[in-house]
Amino acid sequence: MERRDKINYYLDIAEVVSQRSTCLRRHYGAVIVKNDEVIATGYTGAPRGRKNCSDLGFCMREKLNVPRGERYELCRSVHAEQNAIISASREELIGSNIYIVGIETRDGSYVANANSCAMCKRVIINAGIEKVYIRDDKDNFRIVNVNDWIENDDSLSGMFGY
């Protein structure tokens, strides 16, 4: 039996974490790893004590037909990346990597061209995370050097979504 490579191993864990998501559109899971040790996990869901979209039975962004990557102020959820980051200390986060998996709820496929939203990018930058690994399919992924988000500031382009 062939042993799973470490990157896909951590992405597999993020995929399992995504199964706790309560978003009606997409299930995201995130795992933060430093020095080959998992230090935090997070999934998409409403803030503690508030009802989740899955409890309410609707998504406001879906109702308003908001395109992906836009108008996150209407979203009830705290994103997977944010939930993982708030579960770790700054000291643990500096120099760490985050592994992200997104699953479409309508058909169970991987989110095509998944990426962190503009808000999550800012939080990841400030957390001191070095690399973002994003799953494209069961065995393939992209690696983003967070420094690229700093040097190529997409908040200056005026573009919406991703």
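The shortest distance between side-chain heavy atoms of R142 and D136 falls below 4.5 Å. Counting heavy atoms from C-beta on, the side chains of I85 and I124 come closer than 4.5 Å. In this structure the side chain of N140 reaches within 4.5 angstrom of the side chain of D137, judged on heavy atoms. No side-chain heavy atom of V33 sits less than 4.5 Å from a side-chain heavy atom of S96.
Nearest heavy-atom pair across A112 and R68 is O-NH2, 2.6 Å. Taking all atoms of both residues into account, the shortest heavy-atom contact from A80 to T44 is N-OG1, 3.5 Å. Contact detail for V101 and I103: the closest heavy-atom pair is CG1-CD1, 4.0 Å. Residues G29 and V17 approach most closely at CA-CG1, 4.2 Å, considering heavy atoms. Here the closest heavy-atom approach between residue R4 and residue D139 is recorded as NH1-OD1, 2.6 Å. When all heavy atoms of A114 and I134 are compared, the pair lying nearest together is O-CG2, 3.5 Å.
A donor-acceptor contact shorter than 3.5 Å links the side chain of R90 to the backbone of A127. Remark: side-chain polar atoms of S109 are not paired, donor with acceptor, to backbone N or O of E104 under 3.5 angstrom. Between the side chain of R20 and the backbone N or O of H27, no donor-acceptor pair lies under 3.5 Å. Looking at E37, its side chain never comes within 3.5 Å of a backbone N or O of K34 through a donor-acceptor pair.
Remark: E73 engages R71 in a salt bridge (charged side-chain N to carboxylate O under 4.0 Å, His left out) (not counting sequence neighbours). Residues meeting the salt bridge (charged side-chain N to carboxylate O under 4.0 Å, His left out) test with E15, sequence neighbours left out: R135, K138. With sequence neighbours left out, the side-chain contact (heavy atoms from CB on, under 4.5 Å) criterion links C75 to R61, Y72, S77, H79. Among residues two or more places apart in sequence or in another chain, the salt bridge (charged side-chain N to carboxylate O under 4.0 Å, His left out) test is passed with D36 by K6. Qualifying salt bridge (charged side-chain N to carboxylate O under 4.0 Å, His left out) partners for R50, counting only residues two or more places apart in sequence or in other chains: none. By the ring pair (Phe, Tyr, Trp, His ring centres under 6.0 Å) test, Y133 pairs with Y99, sequence neighbours left out.
Exactly one of S18, C23, S21 qualifies for a side chain to side chain contact (heavy atoms under 4.5 Å, CB included) with Y43. That residue is S21.
Here CD of E91 is found 10.0 Å from CD1 of I39. Values are rounded to the nearest 0.5 Å. Interatomic distance, CD of Q82 versus OG of S87, reported as 11.5 Å (0.5 Å rounding). For the atom pair C53 SG and K63 NZ, the distance stands at 10.5 Å (nearest 0.5 Å). Once rounded to the nearest 0.5 Å, the distance linking NZ of K51 with OG1 of T22 reads 12.5 Å.
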* Step-by-step side-chain contact (heavy atoms from CB on, under 4.5 Å) determination, N97 to Y10 -> CA-CA 10 Å; N97 298 317; Y10 291 128; over 6 Å; no
* Could you please spell out the steps behind the side-chain contact (heavy atoms from CB on, under 4.5 Å) verdict for T41 and N83? => CA-CA 7 Å; T41 65; N83 273 321; over 6 Å; no
* Could you walk me through whether F141 and I7 pass the side-chain contact (heavy atoms from CB on, under 4.5 Å) check? -> CA-CA 9 Å; F141 53 85; I7 294 172; 3.5 Å; yes
* Given the rule in the side-chain hydrogen bond (donor to acceptor under 3.5 Å, both in side chains) test, do N52 and S54 qualify, once you have shown the distances and angles that lead to the verdict? -> CA-CA 5 Å; N52 292 294; S54 59; 4.8 Å; no
* Asked: Checking side-chain contact (heavy atoms from CB on, under 4.5 Å) for the pair I32/V38: CA distance, chi angles, key distance, verdict?
  -> CA-CA 6 Å; I32 299 174; V38 173; over 6 Å; no
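At a threshold of 4.0 Å, the pair D148-K121 does not count as salt-bridged, since none of the basic side-chain nitrogens sits closer than that to a carboxylate oxygen.
Both I150 and V123 belong to a common hydrophobic cluster when Ile, Leu, Val, Met, Phe, Trp and Tyr are linked at side-chain heavy-atom distances under 4.5 angstrom. Follow the hydrophobic side-chain contacts under 4.5 Å out from M60 and you never reach Y28; the two are in separate clusters. Each of M119 and V78 belongs to its own hydrophobic cluster when Ile, Leu, Val, Met, Phe, Trp and Tyr are linked at side-chain heavy-atom distances under 4.5 angstrom. Linking ILVMFWY residues whenever their side-chain heavy atoms come closer than 4.5 Å, directly or via other members, leaves Y110 and L24 in distinct clusters. Grouping the Ile, Leu, Val, Met, Phe, Trp and Tyr side chains by contacts below 4.5 angstrom, directly or via other members, places I129 apart from V31.
Within 6.0 Å of OH on Y9 lie no more than 12 heavy atoms contributed by other residues, nucleotides or ligands. Counting heavy-atom neighbours within 6.0 Å of N65 CG, excluding the residue itself, gives a total of 12 or less. The local environment of CG in D55 is crowded, with over 12 non-hydrogen atoms from other residues, nucleotides or ligands closer than 6.0 Å. Sparse packing is recorded around NZ of K131, with 12 or fewer heavy atoms of other residues, nucleotides or ligands lying under 6.0 Å away.
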